[in-house]
Every structure is written in structure tokens, then in C-alpha cells.
Amino acid sequence: MTIKLIGFPYSGHTMRVIITLRELGLPYEFETPANFEMFIYTAIRLLTCYNSGKIPVLFDGDFRIIESRSICRYLASKYQGKNNNTILIPNDVHKAGLVDQFVSYEIFYYEPPAFKIVSQEVFVEKFWNKKPDPEIIKQGREELIKVLDIYEKLLEGKEYLNGEFSLADIYHSPYTHYVYGVAKHSELWDSRPNVKNWRNRLRNREAVKKTLEEIPEEIP
């Protein structure tokens, strides 16, 4: 049964899925549409439940699913432990509950301020034909600083958010990469030892490293 992923390699949502596939040792086919308009057409043609041209889309045989976090959770639930020893959702109900807790942190507290920075400094001119808004960038930085101060405490004595590497860490990887390196706000992590070490561990995982290295330098 072939797993097929449709998306753009520079999309943070697509990157989440690719990292998950690689962490689980799953072979897959990756298709990148020629442009965003073609992606919308292809997705609507292939997936009748598709909504508003959102990416990515994953096909696992006859099964089709959208929304990056849902895709990753599906892959972990079905495939973890089958091709290698990587466990992204612990079998212990309490540990699994804490993974969900950190996933919620990422969704509601971590990504929103990170996206404000990334959208303005990486994507706004390319996709929206606008100039970056320094006030939005400033707001994003101020909000992210507060979040990282909390993470600094959460990561005390731990290598990863849940102690062991999990789906929650994968979810944090794409926007951490964009804000840290592409938008050049590395000091937000480097000035906090626990957060810095956590980011470095994520960046040096083989699945994460390979995925980030494959991102095009120029967004088409």
C-alpha cells in the first residue's frame, strides 16, 4: 500500500507530515503541484471533502485525510513501532495525555505568535504582495518571548517536552526553524538554555535535519 503526500516542501504544515513519515520509517511518494492554483484544482479533483485549497493532503491506499496535525496523529496511531522503534504517542495513558497537552500548547500559544513573525518576514511579500508590518512582528516577538519563558521552565531537566521525543516536538519543529533561522530571531532560543538545548536536539534529529535541508532556498 503506497502512501502519497501532496503539498509544498516549504509549507510548515507539509514539513510536519514529512518529518513524521521519516521518524516512523515510512516510504512515501511526494507530489508538489506546479503552483498553488494547480494544487487547488488537483485537490478538489482528488478529494471531494477538500476545503479551501488547504495543504497537505495524504492518501494511504484508499484512505484520504487533510489537516497536518490530524495526518501526523493518524500515521503515529497506525504505524508507530512497525518499521522502527520510534514511538510518537506513548501507550501509557498519562504520558499520552501529556503529549496532547503539549500539542495544545503548540496550537494555541506557540504557533500563533511564531506565525505572526514568519508571515510578515518570510511570506507576506511573496504571496500577498504587501510589505512586512513591523508592528505585527513586534507583537509576535513579545508574545513568543512570554511563551518561551514558560517553555524554559517546562523543559527543566528534560530533553523533550514530554521527557521523551513525541508528536508534540514534531509539531513545534517547522515554525521554530522559520523563526530561528529564516527570520533570524535565534536569540529568542539561544538566550534560554533549556529552550536552546531542546531546539538543538530537534534540529539534529535525522528526520528533521533532512526535511529542513530539502526546503528550497527560493520559494517559487
Engineer: Does a side-chain heavy-atom distance below 4.5 Å link T176 with W189?
Structural biologist: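 Result yes, sub-4.5 Å side-chain heavy-atom pair found.
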Engineer: Could you tell me whether the side chains of N194 and E156 share a donor-acceptor contact shorter than 3.5 Å?
Structural biologist: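 There is such a pair (donor and acceptor under 3.5 Å, judged by atom type) between the side chains of N194 and E156.
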Engineer: I'd like to check L167 versus R69 (side-chain heavy atoms, cut-off strictly below 4.5 Å). Are they in contact?
Structural biologist: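 SC-SC contact between L167 and R69 ruled out.
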Engineer: With a 4.5 Å cut-off on side-chain heavy atoms, are Y79 and I3 touching?
Structural biologist: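 Answer yes - side chains close enough.
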Engineer: Classify the angle between the aromatic ring planes of Y10 and F8 as parallel (below 30°), tilted (30 to 60°) or perpendicular (above 60°).
Structural biologist: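 Parallel, since the angle between the ring planes stays under 30°.
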Engineer: If hydrophobic clusters are built from ILVMFWY residues whose side chains come within less than 4.5 Å, do L26 and I71 share one?
Structural biologist: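 Linked, L26 and I71 end up in one cluster.
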Engineer: Between R201 and D169 (salt bridge meaning N to carboxylate O under 4.0 Å), is one present in this structure?
Structural biologist: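 No salt bridge links R201 with D169.
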Engineer: Is the shortest side-chain heavy-atom distance between I117 and Y175 below 4.5 Å?
Structural biologist: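 No, every pair of side-chain atoms sits at 4.5 Å or beyond.
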Engineer: Should we count NZ of K210 as having more than 12 external heavy atoms under 6.0 Å?
Structural biologist: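 Counting neighbours around NZ of K210, 12 or fewer heavy atoms of other residues, nucleotides or ligands fall under 6.0 Å, so no.
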Engineer: Quick check: do Y28 and L58 have side-chain heavy atoms less than 4.5 Å from each other?
Structural biologist: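 SC-SC contact between Y28 and L58 ruled out.
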Engineer: Taking NZ, NE, NH1 and NH2 as the nitrogens, is one of them in R199 or E187 under 4.0 Å from a carboxylate oxygen of the other?
Structural biologist: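 No, no charged N to carboxylate O under 4.0 Å.
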Engineer: Considering only heavy atoms from C-beta outward, does the side chain of W198 approach that of L161 to under 4.5 Å?
Structural biologist: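 Yes, close enough: below the 4.5 Å cut-off.
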Engineer: May I ask you to check whether Y110 and Y171 place their ring centers less than 6.0 Å from one another?
Structural biologist: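 No, they do not, as the ring centres are separated by 6.0 Å or more.
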Engineer: Look at the side chain of T211 and the backbone N and O of I18, then say whether any donor-acceptor pair between them is shorter than 3.5 Å.
Structural biologist: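 No; zero donor-acceptor contacts below 3.5 Å.
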Engineer: Assess the residue pair H172 and Y151 against the criterion (side chain to side chain donor-acceptor pair (under 3.5 Å)); give the C-alpha distance rounded to whole Å, side-chain angles, the decisive distance to 0.1 Å, and a yes or no.
Structural biologist: CA-CA 12 Å; H172 284 76; Y151 274 47; 2.7 Å; yes
Engineer: Classify the ring geometry between F123 and Y178 as parallel (under 30°), tilted (30 to 60°) or perpendicular (over 60°).
Structural biologist: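 If you compare the ring of F123 with that of Y178, the planes turn out perpendicular.
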Engineer: How about CZ on F165, more than 12 heavy atoms from neighbouring residues, nucleotides or ligands closer than 6.0 Å, or not?
Structural biologist: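 Yes, because the 6.0 Å sphere around CZ of F165 holds more than 12 heavy atoms from other groups.
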Engineer: Taking Q80 for the side chain and L88 for the main chain, is one N or O donor matched with an acceptor at less than 3.5 Å?
Structural biologist: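 Judged by distance alone, yes, a pair lies under 3.5 Å.
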Engineer: Charged N to carboxylate O under 4.0 angstrom, D100 versus R73?
Structural biologist: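 Salt bridge between D100 and R73, a charged N being under 4.0 Å from a carboxylate O: yes.
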Engineer: Is it the case that over 12 heavy atoms from other parts of the model lie below 6.0 angstrom from the CG atom of D92?
Structural biologist: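 Yes, CG of D92 has more than 12 neighbouring heavy atoms, counting only those of other groups under 6.0 Å.
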Engineer: Taking atom CD as the centre, does Q101 end up with more than 12 heavy-atom neighbours from other residues, nucleotides or ligands that are less than 6.0 angstrom away?
Structural biologist: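 Count over threshold, so yes.
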Engineer: Short question: side chain of E111, backbone of E106 - any donor-acceptor pair under 3.5 Å?
Structural biologist: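 Between the backbone of E106 and the side chain of E111 there is no qualifying donor-acceptor contact (under 3.5 Å).
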Engineer: State, with a plain yes or no, whether a side-chain heavy atom of E121 is found less than 4.5 Å away from one of K184.
Structural biologist: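 No. Closest side-chain heavy atoms not under 4.5 Å.
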Engineer: Heavy-atom count around N204 CG within 6.0 Å, excluding the residue itself: above 12?
Structural biologist: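 Enclosed.
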Engineer: For Q120 and D133, indicate whether the former's side chain and the latter's backbone hold a donor-acceptor pair under 3.5 Å.
Structural biologist: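 Yes; judged by distance alone, with no hydrogens or angles, the pair exists.
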Engineer: Okay, side chain of R64, backbone of D60: is any donor-acceptor separation there less than 3.5 Å?
Structural biologist: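 No, because the side chain of R64 does not come within donor-acceptor range (under 3.5 Å) of the backbone of D60.
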Engineer: Using the test side-chain hydrogen bond (donor to acceptor under 3.5 Å, both in side chains), find all partners of N162 that sit at least two apart in sequence or belong to another chain.
Structural biologist: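 side-chain hydrogen bond (donor to acceptor under 3.5 Å, both in side chains) check on N162 returns nothing, list empty.
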Engineer: Look at atom NZ of K209 and say whether more than 12 heavy atoms of other residues, nucleotides or ligands are closer to it than 6.0 Å.
Structural biologist: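 Enclosed.
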Engineer: Is N83 close to L24 at the side-chain level, that is, under 4.5 Å between some pair of heavy atoms?
Structural biologist: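 Side chain of L24 against side chain of N83, heavy atoms only: no contact under 4.5 Å found.
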Engineer: Could I get the full list of salt bridge (charged side-chain N to carboxylate O under 4.0 Å, His left out) partners for K116, not counting sequence neighbours?
Structural biologist: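 With neighbours one apart ignored, the set is E143.
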Engineer: Which atoms form the tightest heavy-atom contact between P174 and G12, and what is the distance?
Structural biologist: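 Closest approach of P174 to G12, heavy atoms only: CG-O, 3.3 Å.
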Engineer: Would you check if there is a donor-acceptor pair between the side chains of H185 and R141 at a distance under 3.5 Å?
Structural biologist: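 Indeed, the side chains of R141 and H185 share at least one donor-acceptor pair under 3.5 Å.
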Engineer: Give a yes or no on whether a salt bridge exists between K158 and E164, defined as a side-chain N under 4.0 angstrom from a carboxylate O.
Structural biologist: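 Here K158 does not pair with E164 in a salt bridge, since their nearest N and O are not under 4.0 Å apart.
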Engineer: Kindly write out the residues that satisfy salt bridge (charged side-chain N to carboxylate O under 4.0 Å, His left out) with E159, not counting sequence neighbours, or none if the list is empty.
Structural biologist: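 If we apply the salt bridge (charged side-chain N to carboxylate O under 4.0 Å, His left out) test to E159, skipping adjacent residues, there are no hits.
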